[in-house]
Protein chains: 2
Amino acid sequence: MTRNAETNQRMRDERRERILAEALRLFAARGLAAVTAGEIAAATGTSKGLLYHYFRSKDEIFTSLIREAFARMNEAARGLEALDLPPREKIALALGRLLRGLEQDERFALHVLLIAQAGLSQAIPEEARAVLREESFAPYGVVERILRAGQEDGSIRSGDDPRDLALVFWTTVKGLALHRAAHGSDFRAPDPRILLRMFWND
Amino acid sequence: MTRNAETNQRMRDERRERILAEALRLFAARGLAAVTAGEIAAATGTSKGLLYHYFRSKDEIFTSLIREAFARMNEAARGLEALDLPPREKIALALGRLLRGLEQDERFALHVLLIAQAGLSQAIPEEARAVLREESFAPYGVVERILRAGQEDGSIRSGDDPRDLALVFWTTVKGLALHRAAHGSDFRAPDPRILLRMFWND
DNA sequence: GTCTATATCCAGATAGAC
DNA sequence: GTCTATCTGGATATAGAC
């Protein structure tokens, strides 16, 4: 019996994952309001009824995805901060990874897009909005702290407001994600060195 | 009679403008699908019925706005190209204006956002998609040409692909527009000099 | 030109058979 | 656990009175 229960649980989890993955694809491409529950079900290969067996509402699916997106993003940010590297190297590494991720890692690009969609649209569930409020600042904070440390050790150009620098760091990444969304798979990320020039000479 | 006809025409135009202005605000904030015709009517202070007297559909309103947004954007781009200034000054001027526009010119920021929304969402009317396909490239082209000219006259750093440079130019602007949308009116644009460093030293 | 009332459709969510 | 059938609300769009 335990064996069966475990198998069931695994199947359940897999199905749930499947639904979330397809919903992510759809929401990232069109936004919450323009995607119907029926479409998610069809993309997943299940019925609408089953969808509502796994989730209480369309909003709940969306909110789960927002949570997941921020969890990954913030985990990556904390990982970056914990790395044993000088600040300047951290920034270069992070930006390189982000651009490569946008280009090659579909799921990552979708998460960035979902966050962009959510931030862009005033029309999202209150719970998702709360997650956004609480978690969206963290990546800015991480990058800002690293940049400030770099200014102090002299490896990053001083004189700029670190908040401004963190702002352009992230808005550039989001802008590129947007561009990728609009222009599809033939997206080619720019050379990261161009962007890094904002932070130091040469 | 001619007098009356003219007055009527003017009132008609004003009402139409009013509808478009409110719809722009709503669409830019939430996207096409999350805005209802009733909300547009209410925001305009008219009835739903009258809305459909002026426009055939919600999609038509959206498409009109997309046309308008691109018309202004491309007009500005052509104006920039026609200016009698060295390439490097054109870029500096353009970026300064864009950032100031995002910060202070609500209508401009809304247009940028609408374009971002439209590019982001796969779920827009076919006609709007066509406008996007045909017109969205122009601003990239303009900036790319100016940057290339600057590379040739030596005022802009050479060695970078001008397409990459034009890409980061515009994606940065769009990213900032996104940020403004998410963080509302307390948005403060970064110092443009930070961004300009991508294009030349010091 | 402008409004109210309404037809029609479609999406979110549920009920209940298997 | 999974499906089909259905309820119900709300949105687009229209009709028709004033």
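Values below: every heavy atom of this structure, side chains too, minus hydrogens, waters and symmetry copies. Below, read A as the first sequence line, B as the second, and so on, with proteins coming before strands; counting in each chain starts at 1.
- Rounded to whole Å, atom C1' of D/dT12 lies 7 Å from atom NZ of B/K48.
- Ranked by how close their nearest DNA chain C nucleotide is to the 5' end, B/G49 and B/R12 are led by B/R12.
- Put simply, CG on B/L51 is 10 Å from C1' on D/dA13, counting in whole angstrom units.
- Residue contacts shown for A/S47 include a base, since a base heavy atom lies under 4.0 Å away.
- The separation between A/F55 atom CZ and C/dG12 atom C1' is 16 Å, rounded to whole Å.
- Distance from the side chain of B/L50 is smallest to C/dG1 among C/dG1, D/dT4, D/dT12.
- An OP1 or OP2 oxygen of C/dG12 is reached within less than 4.0 angstrom by no side-chain nitrogen or oxygen of A/R56.
- Rounded to whole angstrom, the span from the NZ atom of A/K58 across to the P atom of D/dG10 amounts to 15 Å.
- Proximity of B/Y52 to the phosphate of D/dT14: no side-chain N or O atom is located under 4.0 Å from OP1 or OP2.
- At a threshold of 4.0 Å, the pair A/R67-A/E127 counts as salt-bridged, since one of the basic side-chain nitrogens sits closer than that to a carboxylate oxygen.
- One atom, CD1 of A/I40, and another, C1' of C/dG12, lie 11 Å apart when rounded to the nearest Å.
- Ring-plane geometry between A/H183 and B/Y140 is classed as perpendicular, the angle between the planes exceeding 60 degrees on a 0 to 90 degree scale with a lower cut at 30.
- Here the side chain of A/H53 is nearest to one of C/dT14, D/dT2, D/dT12, namely D/dT2.
- Between A/Y54 and D/dT2, a side-chain N or O to OP1/OP2 separation shorter than 4.0 Å is present.
- Rounding to whole angstrom units, CZ of residue A/R16 and C1' of D/dT2 are separated by 17 Å.
- The nearest whole Å value for the distance from the CZ atom in B/F62 to the P atom in D/dA13 is 14 Å.
- B/F27 and B/F62 have perpendicular rings, their planes meeting at more than 60° on a 0 to 90° scale where under 30° would count as parallel.
- Under the 30°/60° scheme for interplanar angles, the aromatic rings of A/H179 and A/F187 are found to be tilted.
- The only member of B/R15, B/Q9, B/R10, B/R16 that meets side chain to side chain donor-acceptor pair (under 3.5 Å) when paired with B/D13 is B/Q9.
- Rounded to an integer number of Å, the gap from CD of A/E60 to C1' of C/dA13 is 13 Å.
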